[in-house]
Trainee: 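Submitted below is the structure of interest, expressed as structure tokens.
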Amino acid sequence: MLDIRLIREQPDLVKSRLATRSPAHVETIDAILAIDIDRRAAETRLQTLQSDRNRLSKEIGKLRAQKLDSADLEAQVKKIAEEMDQASTEAESLSAKQREILLNLPNMPQADIPMGRDAADNPVVRTHGEKPVIANPKDHVVLAESLGLIDPDRATKISGSGFAVYIGQGARLERALLNFLIDTHTREHGYTEVSTPFVVRRECMVGTGQLPKFEEDMYGVDGGGLFLVPTAEVPVTNLHREEIVSAANFPIQYAAYTPCFRREAGSAGRETRGLIRMHQFDKVELVKICSPEQSNAELESLTANAERILQKLGLHYRVIVLCTGDMGFGSAKTYDIEVWAPGQNSYLEVSSCSNFEDYQARRMNLRFKGEDGKNRYCHTLNGSGTALARLYVALLENYQQPDGTVGIPEALQPYFGADKISK
RNA sequence: GGUGAGGUGGCUGAGUGGUCGAAAGCAGCGCUUUGCUAAAGCGCCGUAGUCCAAAAGGCUACCGAGGGUUCGAAUCCCUCCCUCACCGCCA
């Protein structure tokens, strides 16, 4: 959520930065400024009435204490109360309207984010490794089915399309990856492991920005009061919602595994083959909470931490920076890490690392005490470290052997318990 | 799920209709004094919104959340959430 004060005091700055996402935001800013003026006028009116009421009510108290007649004053206050009803209805409605617009307004991209319309405009920042030479690469679905790692038909039978059943070595590989990821981030990168509930309350979803705008993409349970987590970002970042955390602990760093549940409404037919786009997939998420001064440097280290996974697994990848038109709703800057998948003949996004600056912190009222003793909003960041299903795809497709087996990278062997997967 | 008790400022904890944003203590900050690693005295010390060009200052709201009663609510009533204790059930 953007700061209404910033919008009020520097509307042109906010407009120009939001316009890099979409020109339509300019009108929204004008609308919100108009509402802001009305809202403050209504609140001032209400406060004046409240002040009058309080003053008169105190006088009534004094008169009654002296056993004097207070009927006149009481009539006056009663009249004020009627006006107050109207004023407070107006103030509340304007305030709710303003909040609604603010909650649906995306974050401002940082000034140096490349301009662009969509994914085609995302510049490559760096690449690592080389594409392996594989003649007629098979895709992961063929590989996994022939090795008996997954059972798509039964997955569909029990849950419908977009769900996976892993079996035998296939399930073990998933679990091995999970432990490898968590161990790497906690032992080598200094993150604290955290295990959270997989369902969260509505206000958490608002806090990290999934709601109110993207409700149709989420799985609601319990009549809409609770939601299945679409990413561990939601429960983990919200651990400190409504808190004033100590800056002495900055950067706070958490690594968490959760399954991720996404309806993927509107993306039917896109990248739907195999394990690439699922309604449920496993992911290890990295979350950082820090000061505004630290957040850009922390984004670099968080991205490097996620990259380290692919390096250890010997996978070729590239890092891109998302252009203004392709950035996520709440982000001020995002790097995507894309791993090469020979069977797809394309790169697959396995991590998205974002600096949200104070956008989420303001929504969830997450603050720290500044050196001057004033409360300031924290900056929050998160990134996948990494998504499991797509990493799984990349492993199978990159390490497929001519004899039909799949090799296991050395770093993963202690976790998997073997150096290859064969029938 | 049942019964009972309770949710007040960073913490502990008073306060059952008006002078209460809220006693007191602890913690924190500042000053003074004595001095050996501490003590005493004094003062300050919640959050947010809003008014003013701004500062100073004013006003408003907030005692778990939301509604109601009343001229006036931390205090009375209703609903919900949460915590604790015991009972029941249970991986």
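Here is how names work: the chains are called A, B, and so on, in the same order as the sequence lines, proteins then strands, and each is numbered from 1.
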Trainee: Can E188(A) and K312(A) be counted as an ion pair, charged N to O under 4.0 angstrom?
Mentor: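 K312(A) and E188(A): salt-bridged.
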Trainee: Can you sort out which residues in residues 201-213 of chain A have a heavy atom within less than 4.0 Å of RNA chain B? Ascending by number, please.
Mentor: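 Within residues 201-213 of chain A, the residues near RNA chain B are R201(A).
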Trainee: Write down the distance separating the P atoms in G18(B) and U75(B), rounded off to the nearest Å.
Mentor: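 The same atom, P, in both gives a distance of 12 Å.
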Trainee: Ion pair present between R362(A) and E357(A), side-chain N to carboxylate O less than 4.0 angstrom?
Mentor: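 Salt bridge absent between R362(A) and E357(A).
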Trainee: Side chains of Q253(A) and K288(A): do they bring a donor and an acceptor to under 3.5 Å?
Mentor: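 K288(A) and Q253(A) do have a side-chain donor-acceptor pair below 3.5 Å.
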Trainee: Could you measure between the two C1' atoms, the one in G7(B) and the one in A38(B), and give it in whole Å?
Mentor: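 After rounding to an integer number of Å, I get 38 Å for this pair.
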Trainee: NA contact type, R367(A), heavy-atom cut-off 4.0 Å: base, sugar-phosphate, or nothing?
Mentor: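 Touches sugar-phosphate only.
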Trainee: Taking the C1' atom of each, how far is C78(B) from C42(B), in whole Å?
Mentor: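 Per the computed distance, 49 Å lies between those C1' atoms.
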Trainee: Checking all strands, does I60(A) fall into the base, sugar-phosphate, or nothing category for heavy-atom contacts under 4.0 angstrom?
Mentor: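 Result for I60(A) = base.
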Trainee: Nearest heavy atom decides the nucleotide; on that basis, is N54(A) or K58(A) closer to the 5' end of RNA chain B?
Mentor: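 The answer here is K58(A).
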Trainee: Hey, can you pull the residues of residues 71-92 of chain A with a non-hydrogen atom under 4.0 angstrom from RNA chain B?
Mentor: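 Here the set is E74(A), V77(A), K78(A).
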Trainee: Where each pair must be Watson-Crick or G-U wobble with both distances under 3.5 Å, what dot-bracket representation of RNA chain B is obtained, with crossing pairs in [ ] and other-strand partners as |?
Mentor: ((((((((.[[[..)..(.....]]].(((((((...))))))).((((((.....)))))).[[[[[..)....]]]]])))))))....
Trainee: Distance between the C1' atoms of U19(B) and G25(B), in whole angstroms?
Mentor: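 Between the two C1' atoms, the distance is 25 Å.
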Trainee: Going through the distances and angles, do K283(A) and T231(A) end up as a side-chain hydrogen bond (donor to acceptor under 3.5 Å, both in side chains)?
Mentor: CA-CA 8 Å; K283(A) 180 157 63 66; T231(A) 157; 2.8 Å; yes
Trainee: Is there a residue in residues 28-49 of chain A whose heavy atoms reach under 4.0 Å of RNA chain B, and which residues are they?
Mentor: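 Contacting residues: R39(A), R40(A), E43(A), T44(A), Q47(A).
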Trainee: Is the distance between the ring centroids of F180(A) and F416(A) under 6.0 Å?
Mentor: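 When the ring centroids of F416(A) and F180(A) are compared, they turn out to be at least 6.0 Å apart.
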Trainee: Tell me whether R263(A) forms a cation-pi arrangement with Y219(A), defined as NZ or CZ under 6.0 Å from the six-membered ring centre and within 45 degrees of its axis.
Mentor: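 Flagged: R263(A) positioned over aromatic ring of Y219(A).
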Trainee: C29(B) and G10(B): how far apart are their C1' atoms, nearest whole angstrom?
Mentor: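 So the two C1' atoms sit 14 Å from each other.
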Trainee: Determine the interatomic distance between P on C44(B) and the same-named atom on A53(B); round to the nearest Å.
Mentor: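 Each nucleotide's P atom is 32 Å from the other's.
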Trainee: Salt bridge or not for R202(A) and E215(A), using N-O below 4.0 Å?
Mentor: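 E215(A) and R202(A): salt-bridged.
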Trainee: Are the charged groups of D121(A) and R117(A) less than 4.0 angstrom apart, N to O?
Mentor: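 No, this pair does not count.
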Trainee: Do the two ring centres, one from F250(A) and one from F368(A), sit under 6.0 Å apart?
Mentor: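 Centroid separation for F250(A) and F368(A): below 6.0 Å.
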Trainee: So, Y191(A) versus Y254(A), ring centres under 6.0 angstrom or not?
Mentor: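 Ring centroids of Y191(A) and Y254(A) are no less than 6.0 Å from each other.
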Trainee: What residue among V287(A), T258(A), T186(A), V236(A) forms side-chain contact (heavy atoms from CB on, under 4.5 Å) with V194(A)?
Mentor: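 Only one option passes, and that is V236(A).
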Trainee: Using heavy-atom distances to pick each residue's nearest nucleotide on RNA chain B, tell me which of R55(A) and N375(A) is more 5'.
Mentor: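 Nearest nucleotide further toward 5': that of N375(A).
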Trainee: Would T334(A) and S354(A) count as a side-chain hydrogen bond (donor to acceptor under 3.5 Å, both in side chains) if you check the C-alpha gap in whole Å, the side-chain angles of each, and the deciding distance to 0.1 Å?
Mentor: CA-CA 4 Å; T334(A) 299; S354(A) 300; 2.8 Å; yes
Trainee: Taking only the C1' atom of each, what is the distance from A14(B) to A22(B) in whole angstrom?
Mentor: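 10 Å, rounded to whole Å.
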Trainee: Any pair with a residue in residues 233-250 of chain A that passes salt bridge (Lys or Arg N to Asp or Glu O under 4.0 Å), sequence neighbours left out, goes on the list, sorted by first then second residue, please.
Mentor: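 Every pair satisfying salt bridge (Lys or Arg N to Asp or Glu O under 4.0 Å) with a residue in residues 233-250 of chain A: there are none.
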Trainee: Does R8(A) pair with D3(A) as a salt bridge, N-O distance under 4.0 Å?
Mentor: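 Salt bridge between R8(A) and D3(A), a charged N being under 4.0 Å from a carboxylate O: no.
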Trainee: Checking all strands, does R53(A) fall into the base, sugar-phosphate, or nothing category for heavy-atom contacts under 4.0 angstrom?
Mentor: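 Answer is sugar-phosphate: R53(A) comes under 4.0 Å of backbone atoms only.
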Trainee: Using the C1' atoms only, state how far G13(B) lies from G17(B), rounded to an integer number of Å.
Mentor: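 Pairwise C1' distance, G17(B) against G13(B), rounds to 22 Å.
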Trainee: Between R40(A) and D36(A), is there a salt bridge with N-O shorter than 4.0 Å?
Mentor: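 Answer for the salt bridge query: yes.
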Trainee: Should we say atom NZ of K420(A) is surrounded by more than 12 heavy atoms from elsewhere, each under 6.0 Å from it?
Mentor: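 No, not enclosed.
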Trainee: What are the 5'-most and 3'-most nucleotides of RNA chain B lying under 4.0 Å from any heavy atom of chain A?
Mentor: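 The contact span of chain A on RNA chain B goes from G18(B) to C81(B).
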Trainee: Does the pair E83(A)/K78(A) count as a salt bridge with the N-to-O cut at 4.0 Å?
Mentor: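 Between K78(A) and E83(A) there is no salt bridge, as every charged N stays at least 4.0 Å from the carboxylate O atoms.
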